[in-house]
Amino acid sequence: MVACSRPESMDRGESPLPAGDDHRPEVAAGAGSCLAFCLGDTELALPLADVRETGQLAAVAPLPNLPGWIRGILHRRGEILSVVDLAAFLGLPTSQCAGPGQPYLLFRQPDFACCLAVARVGAVVHPEDRESVAPEAEPSGSARLAGLISGMCRSAGRDIPLLDSELLATALRCDNPRPGPERRAATDGSRGEGQ
Amino acid sequence: MAPAETTACADIRSSLAQLKESIRALAVDPGAPTARDEAHRLVRTLRQAAVGAEGLERLAACMASALDRAPAGAELPRPLVAALAAAVERCDDLIRGVEQGEAADHGQLLARTREDFAACAMTRPPAADGPEGGDFGEAVERLLAEELEVPAELFSEEPDAARPLSVDLPAPKAPPVRGPLFSEAEWEQLLIGFHEEAQEHLQTLQQALQRLQTANRDQEGCAVQAHREEIAAIRRAVHTIKGASAVIGLNEVAAYAHGVEDFLDRLHDGTRTLAPEAMAGLAEALELLGLLVASPEQAPPARREAVLARLEGSATTTRAEAAAGPVAPTAPPADYGRPAERALAQIGSATMRIQRQQLDTLIGLGNDLLASISGLERGLERFSTALTELEGTADRLKTSAGALAQLVAAGPDPTDRLALIARAVEESAADAVTVRAALEELRGDVASEFGGQQGLARDLQTQLLQARLGPMALLKPRLHRIVDDTAARLGRQVRLVVSGEQVELDRVIWEKLADPLMHLIRNAVHHGIEPPEERIACGKDPVATLSLGARREGDRVVIRFADNGRGLDFAAIRDKARGYAPSLDVEAMDERQLSDLIFAPGFSTRTVSEMSGRGVGLDVVRENVRDLRGTVGVATRAGVGTAFVIRLPLTMGVVRALLVESGGALWAFALADIRQLHRVDSRDISWEEGTVRLDGATLPWYSLPTLLGQVEDPVETSRPVVLVFAAGGRPVAVSVPRLVGRQEIVIRGLGSHLRAVPGVAGAAVLGAGQVVPVLDPAELIRAARLRADEDRPEILLDISRPLTVLVVDDSLSVRTVVSRLVASQGWRPVAARDGQEAVTLLAGLWPDCIVLDLEMPRMDGFAFLATLATMPTRRNIPVIMCTSRTGRPERERADRLGVRAFLAKPCPEEDLLAAIRRVTGLADPGATGQ
């Protein structure tokens with residue numbers, strides 16, 4: 001997988017997007033444009049048209065009986081949105097900056113929206129070339145990620161795997177929202193059943 | 001009168017005179033073909049001559065339309081001949097009025113003429129030798145001979161607006177499709193539904209028309225080829241309106257739409273260029289379609305015919321023909337020149353449609369406003385507390401001032417400094433009292449203003465919510481049809497009695513409830529209701545009753561569906577349970593537990609034909625109800641019947657809630673859910689037994705942090721507050737670490753991603769934008785129990801879990817057919833378009849087997865198999881390859897990649913089912929084979 005290299009603009013201390021706590025990427029940025037982001041050492045991209053906003057997470061209200069990769073819900077511009085730890089969902093090392101202030105992407109598909117918590121939001125890239133790639137067999141347990149990649153977008157000499165928005169939404173929807181092992185462990189044995 | 005007008009009048013007079021002769025001939029012999037043709041020709045001539053004389057033209061058009069509709073080749077009905085005669089008289093009146101400078105009210109005359117022709121249309125033609133036949137001919141003769149005047153009372157009748165619109169629409173009291181299946185209210189619902197549907201299509205065609213008009217304007221006529229998409233969109237919309245209107249019996253709309261569609265067909269298939277004239281004609285035709293749907297009285301037959309005639313004329317007009325100018329651009333009459341938008345706006349003049357998303361946004365904003373104002377209430381409470389403290393401070397200052405004064409009086413004070421201080425303190429105390437009084441007054445004003453704002457916000461929110469509500473009556477026609485169909489099919493006699501149909505819920509919720517209710521109905525008729533002869537033998541009415549009722553209960557809607565059939569057959573259910581789960585202690589299960597079994601997924605799919613009780617697909621009922629954050633329960637009595645009770649939360653309303661804190665997060669319970677609230681000593685709680693002693697009673701006890709999957713904090717739970725809820729009809733205690741307070745909240749959904757989470761009724765947004773999950777205590781406890789069940793060897797789920805089959809094929813048809821085949825077995829199909837999507841699905845799915853195509857885009861079957869082999873937890877899922885590439889190399893490669901069965905497309909259903917059974921171990925391999 002491609003290692004996450006910091007975009008030049010970020011190296012200069014600049015945000016790749018206009019300033020502000022939250023920013024709504026302009027759709028007019030161009031069809032086919034992508035937004036790069038990092039999950040730990042992994043750099044990925046999503047079609048810009050499917051990222052409606054980026055920002056920093058405020059307080060997230062946790063919910064019971066859900067897998068660990070769903071952090072909870074938050075309220076954003078009149079809408080309740082779930083917060084997905086994308087790294088945890090994809091089986092990648094989770095971000096060390098989890099919690100308030102962590103960057104997020106507001107990911108939207110028809111009848112579907114959620115906040116994807118990421119480690120860092122990268123630059124808007126305009127793909128010069130895109131090629132179909134078959135998912136590689138990933139020894140690091142990221143087969144899930146391999147199945148979600150629709151191609152590559154190239155930026156500053158780097159090939160960044162591009163996630164298929166539709167597949168991602170399908171995968172996020174299809175997962176059975178049962179408690180993950182980490183949450184199950186918290187419930188085990190803490191009290192007996194009384195009936 | 002101008003010479004031209006005089007000439008026109010003369011032409012009209014001449015036409016009218018000839019027309020009278022023709023009608024006289026028809027009155028004598030209604031079957032005379034020559035007289036009929038002549039009358040038809042003269043009516044058209046009259047209409048052409050009357051162009052510009054609006055009333056006369058419309059009367060003539062009315063006559064032409066009536067003649068057009070008359071059955072071809074048969075004799076004209078005598079009432080129609082009489083109506084034609086009367087119409088001619090009215091034309092005479094109009095002409096006479098013009099000549100004498102006394103314009104008659106052509107609107108009234110036209111209305112009367114329409115009524116006459118409408119009455120003809122609704123009258124069965126009498127037999128040629130019928131008793132009234134001869135008299136009628138004489139009556140016509142008399143009418144014509146006496147130069148009948150328009151009755152004076154015609155002008156004293158109700159204005160047009162109050163007249164029934166029976167000419168253009170079927171009379172509401174006799175809609176053609178209602179029959180016994182539709183009540184008046186249902187008919188109204190059908191019409192409303194039609195208008196809503198039609199408006200969507202009118203909007204679609206309007207958008208396409210605008211694009212077409214823009215292109216036409218820019219290019220002074222546009223190539224049809226370049227705009228086929230727009231034309232096709234318009235044609236689809238018109239076609240759909242035609243079909244929908246025909247289905248509910250709006251034949252006038254259907255006929256007109258048919259005419260417009262004919263033009264569009266020709267335009268789409270044959271014409272090279274859409275000339276500006278044809279464009280104008282199309283725009284007018286579509287505008288008229290909108291009018292006809294919305295206000296039929298504004299789209300009379302004459303106008304429809306005129307418009308269709310113009311379309312007919314322009315259909316073959318090419319751009320070159322238009323340039324030559326044989327067809328003059330039709331300047332629409334001023335009355336016809338309204339923009340199409342106005343026609344659209346008139347649809348259902350009492351209603352207005354907006355996008356659901358827009359309404360939801362408004363509701364969300366209204367909720368936020370209310371919650372925000374509710375947050376101010378808490379601020380106001382804090383302000384009052386501060387005022388109370390200020391009052392105490394003032395009192396203490398007064399006391400200090402008094403003490404100082406006593407000190408001054410008791411001893412010498414050479415410098416008067418103590419006296420000065422005492423006075424200063426006394427003045428400060430007085431100032432504090434004054435400030436407090438001013439603040440109190442201010443608080444009163446703010447509180448009053450706040451109360452007003454809160455009332456307004458609540459009204460706003462109520463009205464917005466109201467806009468999404470619909471009565472249960474929305475479902476009634478569908479449910480009646482299901483009852484009738486199922487009963488007829490199974491030879492049962494069943495009536496459906498609906499009560500509480502006025503109970504309102506979000507329309508979306510009713511839609512989601514439709515399937516479960518239909519399922520319950522089919523199930524009841526199929527398995528619960530006895531055949532008539534059996535019912536008679538039992539002393540029952542041979543006609544069984546299904547009752548469906550809805551009522552509000554606090555913050556919930558309770559829907560009860562019951563039948564008076566034979567009830568659940570517990571012996572059969574027990575028998576089935578025993579067969580499916582040998583490890584299950586079936587004999588120890590009580591009736592409540594056995595009743596619960598019928599909701600288990602797949603439990604009943606094998607008992608459809610054998611078990612006399614319920615079961616088929618009831619898991620679907622429970623799942624759908626759960627999606628709505630509701631519950632479903634069942635009660636039954638042998639020989640008496642079975643009742644299902646569905647409870648749904650009113651999630652869109654404002655509720656009073658108790659806020660609690662657990663694990664550092666806020667949570668809310670609806671106050672209506674809480675029966676009691678106690679603070680208990682931790683010694684009253686038995687952790688081992690999971691009980692708590694309350695007022696001498698022992699109740700099941702749970703800790704909220706545990707229910708929420710949080711780590712218990714011993715400090716927090718040393719003296720917990722215990723809330724008592726009802727769960728499963730019994731009181732249950734839940735201890736909460738800390739109470740925060742009460743607040744009015746609006747319960748919302750959890751967003752488009754999560755929809756339903758066990759134990760969570762929804763979420764509320766507090767004034768500061770903080771989101772708080774609202775808990776459903778009964779479901780929270782139920783979810784905890786399920787978790788505990790999952791930790792033990794699965795019993796209930798094991799016996800009932802249907803197979804899950806992942807169908808991977810790039811052909812929609814194959815996916816659909818195979819999925820349906822899988823579903824028909826009571827198994828669960830999941831479809832993927834290609835290998836890549838299947839890999840994605842497998843991240844969260846554990847199917848029992850995979851039916852895999854070979855040739856697919858993005859990732860073919862072999863690539864998928866290679867990827868599957870890298871997934872440690874999924875690599876052993878059996879795969880059946882189903883492909884048209886059945887050569888030896890493909891078979892051998894599939895075999896190497898671990899495919900368990902290889903089938904050639906097209907594959908017989910039984911072969912595929914046998915393969916699934918074999919690879920999943922459902923049947924003996926030797927018995928099934930491929």
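A quick note: this is a predicted structure, and the numbers were derived from the prediction, not measured. Below, chains carry the letters A, B, ... as their sequence lines are ordered, and counting in each starts from 1.
At distances below 3.5 Å, not a single donor-acceptor pair connects side-chain atoms of N65(A) with backbone N or O atoms of V757(B). In this structure, the side chain of Q836(B) engages the main chain of I149(A) through a donor-acceptor pair within 3.5 Å. When atom types are taken as modelled, the side chain of H753(B) and the backbone of L81(A) share no donor-acceptor pair closer than 3.5 angstrom.
By the salt bridge (charged side-chain N to carboxylate O under 4.0 Å, His left out) test, D834(B) pairs with R858(B), sequence neighbours left out. With sequence neighbours left out, the ring pair (Phe, Tyr, Trp, His ring centres under 6.0 Å) criterion links F669(B) to F725(B).
Heavy-atom distances place both the backbone and the side chain of A113(A) under 4.5 Å from chain B. Within the 4.5 angstrom heavy-atom criterion, only side-chain atoms of V84(A), from C-beta onward, approach chain B.
Contact check for P64(A) versus L707(B): no side-chain heavy atoms found under the 4.5 Å cut-off. When side chains are defined from C-beta on, L708(B) does not count as touching L63(A), because their heavy atoms never get closer than 4.5 Å.
R77(A) contributes atom CZ, which lies 13.0 Å from atom OG1 of T361(B) (distance to the nearest 0.5 angstrom). A distance of 6.0 Å separates CG of L754(B) from CG of L66(A), quoted to the nearest 0.5 Å.
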T840(B) and D164(A): CA distance, side-chain angles, deciding distance, side-chain contact (heavy atoms from CB on, under 4.5 Å) verdict | CA-CA 10 Å; T840(B) 303; D164(A) 184 310; over 6 Å; no
Could you go step by step and tell me if L167(A) and R833(B) meet the side-chain contact (heavy atoms from CB on, under 4.5 Å) rule?
-> CA-CA 11 Å; L167(A) 288 178; R833(B) 292 168 301 178; 4.3 Å; yes
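Within a 6.0 Å radius of CD in E166(A), other residues, nucleotides and ligands contribute 12 heavy atoms or fewer.
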